[in-house]
**Q** 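Take this structure, written in structure tokens, and hold onto it; I'll ask about it next.
Numbers restart at 1 for each chain; the letters A, B, ... are given by sequence-line order, proteins then strands. Because the structure is a prediction, the values reported are computed rather than measured. What's counted below: heavy atoms across the whole structure, side chains too, no hydrogens, waters or symmetry copies.
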Amino acid sequence: MSVSEILDGKLTGKEVEIKGWLVNKRSSGGVQFLIIRDGTGLIQATIHKNEVAPEIFEEAKKLTQESSLTIRGSVVEDKRAPGGYEVRISELKIVHLAPGDYPLAKKEHGIDFLLNHRQLWIRSPRQMAILRIRAEVVKACRDFLDDRGFVLTDAPIFTPSAVEGTTTLFEVPYFGDKAYLTQSGQLYVEATIATFGKTYCFGPTFRAEKSKTPRHLTEFWMVEPEMAFCGFEENLKLQEEMVTYIVKTVLDKRCRELEVLKRDIKPLRKVELPFERISYTEAVEMLQKAGFQIEWGEDLGAPHERYISLQFEKPVFVHRYPAKAKAFYMQPDPENPNVVLCADLMAPEGYGEIIGGSQRIHDLKLLEQRIKEFGLPKEAYEWYLDLRRYGSVPHSGFGLGIERTVMWICKLKHIRETIPFPRTITRVYP
RNA sequence: GCCGCCGUAGCUCAGACCGGUAGAGCGGCUGGCUGUUAACCAGUCGGUCGUCGGUUCAAGUCCGACCGGCGGCGCCA
């Protein structure tokens, strides 16, 4: 029996047993009000002095915030109770009596304090809601891809070299040698598509960049689908279908959590196919008209992304960036070799990039040339070049940042709340 | 890496401009209250003012360095 079933009205009038933690206790002398969390929701439980054995009433008096307990009682509908339902306690057992110095007060805290107590902070209703939505987003990604015949082929965390250069990687000792924490599983799913056709990896990725912004973590999760015999347009189509599916799933299954977050869901309801599309060149013109100092050839910065994102009600693809601003493996546009067949998907409401994707170079000679142009060590990429030697095919893929997606769907001001234990440039504890 | 802001009670902050030995609310604890909604009421405990150095008769307050954190930019998902 769970609190969520009580709140859904399924157990009204029934006897229930709830196992959980004491969120808060109020008393009016003869009546004690216990707010209990069981992992599925919060419920008020009441104890009346003249309705229970004196020792139960006294036991309840001892309860401190976050003590764990088991209660039995009957469920009644009562407008005075938060959530509209409450449990009238007949039996109560303290599982563990916490000391009366729970660090998190019921009032406000600073972010530094909260992050230092993340292990307790995640018990709060708001954090519960965010983490539940995160779990739903992850499940939606996997269901979507699994249902379309993608095979999960996870990429290694320890890697011998960078995907796009070595400066941003965490270096770790590896039995007298050096290894790096992965920055992306993309190169590896480019290999597994020759095994299964359509594959994806899903796992943590690491960036040692000293990015100090509300949208960066040093450790974050990406889902990276890759498709053989797939061109640029087909790739975009999969992306917009997947993002639409994710948003619809969360709206469908996690509306209670969105309510806890006071998330206005009207903008989310507008996420429908097809998404908007503008070229990089059009984006630059749009920005210049709006007064931004930007020249063709420069990559888009955070204020640029924010502006573009705010011009559309739906997610928008910005495609065909200058080749020099993007990664070495991206396929040049046959109609204009100065740009590559890539697209970043900008979430609306000012959130900016949540997906980066592209068609990959499948021609061996061109790829070798690009590795040279980018000053990358060819030896490290020999295995990757093999994929162009033995049965190379046009192929495309993308990476969707889980935390950025959750941040947008929950409309959060900072990405650090989207993951149970965030790792940022200033924080590896707890 | 760059620019800006902040470190005072367990927490959130005031006191700093104008130097004279520290205050509130919340939390904790004790007591009261038979329907509370971050309950309320009364009482009570609680501080080497981030660290080091300097100026001064006197520094939480002025000056310098350092440490820690936050916000924005850059880089990126």
**Q** What's the closest nucleotide to the side chain of R427(A) if the choices are G71(B), G69(B), C73(B)?
**A**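 For the R427(A) side chain, the nearest candidate turns out to be G69(B).
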**Q** Is the distance from OP1 or OP2 of G1(B) to the nearest side-chain N or O of K210(A) less than 4.0 Å?
**A**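 Yes, K210(A) has a side-chain N/O under 4.0 Å of OP1/OP2 on G1(B).
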**Q** Using whole Å, report how far CZ of R123(A) lies from P of A38(B).
**A**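 About 21 Å, once rounded to whole Å.
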**Q** Can K326(A) be said to sit on top of Y321(A)'s aromatic six-ring, NZ or CZ under 6.0 Å from centre and within 45° of the ring axis?
**A**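 Cation-pi check for K326(A) and Y321(A): passes.
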**Q** So which protein nitrogen or oxygen atoms get under 3.5 Å of nucleotides 23-31 of chain B's nitrogens or oxygens?
**A**
from   : atom 1 : to      : atom 2 : distance (Å)
G28(B) : O3'    : G100(A) : O      : 3.2

**Q** How many Å lie between CE on M346(A) and P on A77(B), as a whole number?
**A**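 Spelled out: CE on M346(A) to P on A77(B) is 11 Å.
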**Q** Which part of the nucleic acid, if any, lies within contact of S28(A), taking any heavy atom under 4.0 Å across all strands shown: a base, the sugar-phosphate backbone alone, or nothing?
**A**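 S28(A): base contact, heavy atoms under 4.0 Å.
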**Q** When you measure from the side chain of M222(A), which nucleotide among G35(B), A38(B), A77(B) comes out closest?
**A**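 Nearest to the side chain of M222(A) among the choices is A77(B).
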**Q** Let me know the distance between CG of L104(A) and P of U12(B), rounded to the nearest Å.
**A**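 Result: 10 Å.
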**Q** Pick the nucleotide of RNA chain B nearest each of R306(A) and I425(A); which residue has the one closer to the 5' end?
**A**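 With R306(A) and I425(A) compared, the 5'-side residue is I425(A).
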**Q** If we call it a pair only when both distances are under 3.5 Å in a Watson-Crick or G-U wobble match, what pairs with G31(B)?
**A**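 Its partner is C41(B) (Watson-Crick or G-U wobble, both distances under 3.5 Å).
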**Q** Does the structure show a Watson-Crick or G-U wobble partner for C5(B), both distances under 3.5 Å? Name it, or say none.
**A**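 Paired with C5(B), as far as the under-3.5 Å criterion goes, is G69(B).
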**Q** If I pick the P atom on A9(B) and the same atom on G23(B), what distance separates them, to the nearest angstrom?
**A**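 One P to the other, the span is 14 Å.
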**Q** Please measure how far the C1' atom in C11(B) lies from the corresponding atom in G28(B), and state the result in whole Å.
**A**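 It works out to 11 Å between them.
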**Q** For L115(A) and G71(B), what is the distance between atoms CG and P respectively, to the nearest whole Å?
**A**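 One finds 9 Å between P of G71(B) and CG of L115(A), rounded.
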**Q** By the 4.0 Å heavy-atom rule, please label T213(A) as base, sugar-phosphate, or nothing.
**A**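 Answer is base: heavy atoms of T213(A) come under 4.0 Å of a base.
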**Q** Quickly work out the Y321(A) OH to A77(B) C1' distance and round it to whole Å.
**A**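 So the two atoms are 12 Å apart, to the nearest Å.
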**Q** Within the structure shown, what part of the strands sits under 4.0 Å from H109(A) by heavy-atom distance: base, sugar-phosphate, or nothing?
**A**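 Answer is sugar-phosphate: H109(A) comes under 4.0 Å of backbone atoms only.
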**Q** Identify, between I354(A) and P103(A), the residue whose nearest nucleotide on RNA chain B lies closer to the 5' end.
**A**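 By nearest-heavy-atom nucleotide position, the 5'-most residue is P103(A).
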**Q** Given U34(B), C75(B), A38(B), identify the nucleotide with an atom nearest to the side chain of V31(A).
**A**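 That would be U34(B).
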**Q** Using the P atoms only, state how far U61(B) lies from G20(B), rounded to an integer number of Å.
**A**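 After rounding to an integer number of Å, I get 11 Å for this pair.
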**Q** Determine the Euclidean distance between corresponding P atoms of G4(B) and G46(B); express it in Å to zero decimal places.
**A**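 Comparing P positions in G46(B) and G4(B) gives a spacing of 42 Å.
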**Q** Determine whether a donor-acceptor pair (one donor, one acceptor, N or O, separation below 3.5 Å) exists between the side chain of Q32(A) and the base of U36(B).
**A**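 Under the 3.5 Å cut-off, the side chain and the base do not form any donor-acceptor pair.
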**Q** Donor-acceptor pair, distance only, cut-off 3.5 Å: does the side chain of R423(A) make one with the backbone of F220(A)?
**A**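 The answer is no, because no donor-acceptor pair under 3.5 Å joins these two groups.
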**Q** Mind checking the P distance from C63(B) to G69(B)? Whole angstroms is fine.
**A**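 It comes out at 24 Å once rounded to the nearest Å.
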**Q** Side-chain donor or acceptor of R404(A) under 3.5 Å from a matching atom on the base of C76(B)?
**A**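 For R404(A), whose side chain was compared with the base of C76(B), there is a donor-acceptor pair (under 3.5 Å).
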**Q** Whether the side chain of S211(A) and the base of C76(B) hold a donor-acceptor pair under 3.5 Å is what I'd like checked.
**A**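 No such pair is found, so the answer is no.
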**Q** Roughly how far apart, to the nearest Å, are A59(B) and G53(B) at atom P?
**A**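 The same atom, P, in both gives a distance of 13 Å.
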**Q** Sub-3.5 Å donor-acceptor pair from the side chain of S67(A) to the main-chain atoms of A98(A), do we have one?
**A**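 Yes; judged by distance alone, with no hydrogens or angles, the pair exists.
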**Q** Please determine whether a side-chain nitrogen of the Lys or Arg among D78(A) and R88(A) lies less than 4.0 Å from a carboxylate oxygen of the Asp or Glu.
**A**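 So D78(A) pairs with R88(A) through a salt bridge.
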**Q** Between A58(B) and U48(B), how far is it from one P atom to the other, in whole Å?
**A**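 To the nearest whole Å, 24 Å.
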**Q** According to the 5.5 Å centroid and 30° plane-angle thresholds, does F33(A) stack upon the nucleobase of G35(B)?
**A**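 By the stated criterion, F33(A) and G35(B) do not stack.
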**Q** Indicate, with a heavy-atom threshold strictly under 4.0 Å, whether G401(A) touches base, sugar-phosphate, or nothing.
**A**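 If one applies the 4.0 Å heavy-atom cut-off, G401(A) turns out to touch nothing in the nucleic acid.
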**Q** How many whole angstroms separate atom NE2 of H216(A) from atom P of G72(B)?
**A**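 The answer, rounded to whole Å, is 12 Å.
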**Q** How would you label the contact of T405(A) with the nucleic acid (heavy atoms, under 4.0 Å): base, sugar-phosphate, or nothing?
**A**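 T405(A): no heavy atom of the nucleic acid under 4.0 Å.
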**Q** Please confirm whether W121(A) and F113(A) have ring centers closer than 6.0 angstrom.
**A**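 When the ring centroids of W121(A) and F113(A) are compared, they turn out to be at least 6.0 Å apart.
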**Q** How far does the C1' atom of G15(B) sit from the matching atom of G47(B), given to the nearest Å?
**A**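 My reading of the C1' atoms in G15(B) and G47(B) gives 14 Å.
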**Q** What nucleotide, of G35(B), C76(B), G74(B), holds the atom closest to the side chain of P303(A)?
**A**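 For P303(A), the side-chain atoms sit closest to G74(B).
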**Q** Scan R416(A) against the nucleic acid and name what it touches under 4.0 Å (heavy atoms): base, sugar-phosphate only, or nothing.
**A**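 Sugar-phosphate, no base atom in range.
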**Q** May I ask you to establish whether R148(A) and F144(A) are in a cation-pi arrangement, using a distance under 6.0 Å from NZ or CZ to the six-membered ring centre and at most 45° from the ring axis?
**A**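 Yes, R148(A) and F144(A) form such a contact.
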**Q** Hey, does E403(A) reach any base, or is it just sugar-phosphate, or nothing, if we go heavy atoms under 4.0 Å?
**A**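 Answer is nothing: E403(A) stays at 4.0 Å or more from every strand.
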**Q** Can you tell me the Watson-Crick or wobble partner of C26(B), both distances under 3.5 angstrom?
**A**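 Base-paired to G10(B).
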**Q** Mind running a 4.0 Å heavy-atom check of residues 277-300 of chain A against RNA chain B and sending the residues that fall below it, in number order?
**A**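 Per residue number, the list reads D299(A).
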**Q** Is the phosphate of C70(B) approached by T426(A) (side-chain N or O, under 4.0 Å from OP1 or OP2)?
**A**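 True: T426(A) side-chain N/O within range (under 4.0 Å) of C70(B) OP1/OP2.
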**Q** Considering only NZ, NE, NH1 and NH2 on the basic side and carboxylate oxygens on the acidic side, decide whether E233(A) and R277(A) come within less than 4.0 Å.
**A**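 Counted as a salt bridge, because a side-chain N and a carboxylate O are separated by less than 4.0 Å.
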**Q** Between G72(B), C76(B), A38(B), which nucleotide has the shortest distance from any of its atoms to the side chain of K212(A)?
**A**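 For K212(A), the side-chain atoms sit closest to G72(B).
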**Q** Establish whether the base of G1(B) is bridged to the side chain of E209(A) by a donor-acceptor pair shorter than 3.5 Å.
**A**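 It does not, because no donor-acceptor pair links the side chain of E209(A) to the base of G1(B) below 3.5 Å.
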**Q** Base, sugar-phosphate or nothing for E224(A)? Non-hydrogen atoms, less than 4.0 Å.
**A**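 E224(A): no heavy atom of the nucleic acid under 4.0 Å.
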**Q** Take the protein atom NE2 of H48(A) and the nucleotide atom C1' of G35(B), then report the distance between them rounded to whole Å.
**A**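 It works out to 6 Å between those atoms.
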**Q** Can you tell me how the ring of H319(A) sits relative to the ring of F232(A), calling it parallel under 30°, perpendicular over 60° and tilted otherwise?
**A**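 Taking F232(A) first and then H319(A), their aromatic rings stand perpendicular (interplane angle over 60°).
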**Q** Heavy atoms only, 4.0 Å cut-off, all strands: where does P82(A) land among base, sugar-phosphate and nothing?
**A**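 P82(A): base contact, heavy atoms under 4.0 Å.
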**Q** On the 0 to 90° scale, with breaks at 30° and 60°, tag the F275(A)-F317(A) ring pair as parallel, tilted or perpendicular.
**A**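 If you compare the ring of F275(A) with that of F317(A), the planes turn out tilted.
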**Q** Do the ring planes of Y384(A) and Y381(A) sit parallel (below 30°), tilted (30 to 60°) or perpendicular (above 60°)?
**A**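 Answer is perpendicular, since the angle exceeds 60°.
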**Q** Is C62(B) paired to anything, Watson-Crick or G-U wobble with both distances less than 3.5 Å, and if yes, which nucleotide?
**A**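 The answer is G54(B), by the H-bond criterion.
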**Q** When all nucleic acid strands are considered with a 4.0 Å heavy-atom cut-off, which category describes I355(A): base, sugar-phosphate, or nothing?
**A**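 Sugar-phosphate only.
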**Q** So F220(A), base contact, sugar-phosphate only, or nothing? Heavy-atom distance under 4.0 Å.
**A**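 F220(A): base contact, heavy atoms under 4.0 Å.
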**Q** K326(A) NZ to C76(B) P: how many Å, rounded?
**A**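 The answer, rounded to whole Å, is 7 Å.
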**Q** State, to 0.1 Å, how close D38(A) and M1(A) come at their nearest heavy-atom pair, and which atoms those are.
**A**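 What the structure gives for the nearest pair is OD2-O, 4.4 Å.
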**Q** Less than 6.0 Å separating the ring centroids of Y180(A) and F158(A)?
**A**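 Ring centres of F158(A) and Y180(A) not closer than 6.0 Å.
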**Q** For a 4.5 angstrom cut-off between non-hydrogen side-chain atoms, does Q44(A) reach T46(A)?
**A**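 In short, these two side chains touch, coming nearer than 4.5 Å.
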**Q** Contact class for H117(A) (heavy atom, under 4.0 Å): base, sugar-phosphate, or nothing?
**A**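 Nothing, no nucleic acid heavy atom in range.
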**Q** If only atom types and distance count, is the side chain of S396(A) paired as donor or acceptor with the main-chain N or O of N235(A) below 3.5 Å?
**A**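 Such a contact is absent between S396(A) side chain and N235(A) backbone.
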